[in-house]
Every structure is written in C-alpha cells, then in structure tokens.
Amino acid sequence: MKLQPRHYLMCRPTYFTVEYVINPWMDPSVPVDNAATITQWEKLVETYQSLGHTVEFIDPLPGMPDMVFAANGATVIDGKVLGAQFRNVQRADEGPAYSAWFEDKGYPVQAPKHVNEGEGDFLVTENYVLAGTGFRTDPGGHAEAQEWFGRPVISLQLIDPRYYHLDTALFVLEGDQICYYPGAFSPGSQAVLARLFPEALLATAADAEAFGLNSVSDGLNVIVPPQATHLIGALKERGYNPIEVDLPELLKGGGGPKCCTLEIRK
Ligand code: ARG
C-alpha cells in the first residue's frame with residue numbers, strides 16, 4: 001500500500017440538475033437541492049486536497065447538468081489525452097469542452113472516432129486498460145484507445161443497466177489490484193477478470209447498490225460512499241484507509257466520487 005499523489009480535474013456542479021433520463025438512477029420528479037450538491041462536492045474536493053492531491057478545475061457550462069461528472073470528459077495516460085464522444089445527445093457538447101481544456105494546457109489530444117465516455121469506461125491498472133462496453137462506450141473506442149495509448153485494452157461486457165459505466169462496477173486499488181462487483185459483468189468477462197486478477201477484492205450486490213464501486217483510491221486512501229459498509233470493512237482488512245464521502249445529491253444523477261474525478265496521469 002503506497003499513497004501516490006494524484007492530479008485530478010473536476011467540474012463544479014453549478015448547473016447540476018436531473019432533467020433527462022439516461023440511466024436508471026435518474027428521476028426528474030425527485031428534486032435536487034443545489035446548495036447541498038455544491039457543499040457535498042466541495043467536501044470531496046477538500047478531501048483530495050487534504051490528502052496532498054492536486055485538483056484543477058474546468059468551468060461548468062450552463063445547460064450541461066452532467067458536466068460535474070468529469071470522469072466522462074476524457075482519458076489521460078502518459079500525458080496523452082483521448083477525447084470523449086458521448087452516446088447521448090444531451091451530453092454531446094461536454095466532449096469538445098473537456099478536449100479544449102486539455103488542448104489549452106498543451107496536452108496532445110486525440111479526437112475520438114467512436115463513442116467513448118472517458119474514464120467512465122476506461123480504467124487504468126499497471127499493465128492494462130480495462131474498458132467497459134454494453135451501454136455507453138463502443139468497442140471501436142476500445143481499439144482506438146489501445147492504438148493511441150499503446151497499452152493492452154481488455155474489453156469487458158457490462159450487463160446490468162444500473163451499472164452502465166465500468167466505473168460503477170469496478171475500481172483500481174493500486175497497480176494491478178482491483179475491486180469489482182462480478183454481477184455487473186457477462187459470464188465471459190467475469191472469467192477474464194478472474195484470470196487476470198485472481199486476488200481481486202470482490203464487492204457484494206449491496207456494495208454496488210450503494211455505488212461503492214465508484215470509489216477512488218490513491219494507493220492507500222480510498223474515497224468511498226458511507227453506505228458501502230461491507231466494502232469499507234474489506235478495505236480495512238486489506239490495509240487500506242477508507243474515507244467516507246457522501247454525495248447523495250449527485251447520486252440522483254447516477255454518479256458518485258469517481259464520476260466527479262478525472263485523473264490526469266503524467
Ligand atoms: N447522468 C450521467 C450519465 O448518465 C452520470 C454519469 C456518471 N459518470 C460516471 N463516470 N459513471 O451519463
């Protein structure tokens with residue numbers, strides 16, 4: 001277990017609402033408390049900063065209520081950026097906005113040719129890029145990522161609409177250590193994960209329902225929703241330091257800590 005200082009990009013939820021439905025967690029008839037959304041999100045930012053991580057910010061755009069979910073904005077590995085192309089028209093303008101942020105800062109940015117929702121569906125371990133498909137990211141996007149990053153991309157089939165992005169079903173602890181909820185994956189993908197990661201920490205259905213697989217690890221500290229009680233215990237047993245951060249307002253959009261966090265990997 002070794003803490004590695006991280007570099008994150010985040011987007012203030014100034015315009016966050018739930019006004020359309022693109023995943024089963026979203027219900028426009030349930031009101032969102034804007035002030036509470038901001039306070040909860042600020043707690044996440046402050047937690048990262050208190051752990052010594054660097055947080056940068058992209059300006060939120062009016063009319064883009066899901067832009068707070070920065071993980072979807074791009075994928076960054078070895079200082080190279082693969083831009084995002086969203087599945088749903090409601091989020092289409094976020095891709096260019098995130099790409100422009102990276103271009104302004106001088107990062108090489110590859111424009112996407114296929115649908116990919118950034119780190120929502122691409123998660124990076126020591127040796128692999130794990131890539132989700134089934135609901136959002138197109139398998140063509142997996143091939144594109146492999147070519148651009150020059151890393152082996154492992155395609156994984158998501159089968160439960162509640163876990164529509166890979167980062168709602170799996171997170172990387174450190175190196176090639178991962179945690180996942182098997183029930184979110186097809187039988188073949190479960191077998192692939194078991195073969196590549198025999199020591200993985202397996203989360204329960206209740207952990208997944210509590211959005212526990214949307215956690216963020218820096219190699220030691222794991223930002224985790226407090227309702228994922230089994231997972232919190234299992235992390236402690238393995239020597240990690242779970243830090244509970246509750247984001248109930250953003251959960252109404254189908255997002256948790258990881259969704260709000262885009263990692264910039266040098
Ligand atoms: N409402 C957003 C959507 O359905 C939530 C995105 C959550 N982001 C994530 N990385 N899982 O696209």
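Counting starts at 1 for both ligands and their atoms, following the listed order.
Residue pairs meeting the salt bridge (charged side-chain N to carboxylate O under 4.0 Å, His left out) criterion with at least one partner in residues 150-174, sequence neighbours excluded, are Asp78-Arg151, Asp160-Arg162, Arg162-Glu209.
In this structure, Tyr163 and Trp25 have tilted ring planes: the angle between them lies in the 30° to 60° band.
Taking a cutoff of 4.0 Å between a charged side-chain nitrogen and a carboxylate oxygen, Glu119 and Arg265 qualify as a salt bridge. Salt bridge annotation for Lys252-Glu249: present, with a cationic side-chain nitrogen under 4.0 angstrom from a carboxylate oxygen.
For ligand 1, residues of the protein lying within 4.0 angstrom by heavy-atom distance are Ile22, Asn23, Met26, Asp66, Phe69, Ala71, Asn72, Arg91, Gly120, Arg136, Tyr164, His165, Asp167, Thr168, Gly253, Gly254, Cys259.
By the 4.5 Å heavy-atom criterion applied to side chains, Leu193 and Leu170 are counted as neighbours.
Stacking of Lys105 on the aromatic ring of Trp101 is recorded, both the 6.0 Å distance cut-off and the 45° axial limit being met.
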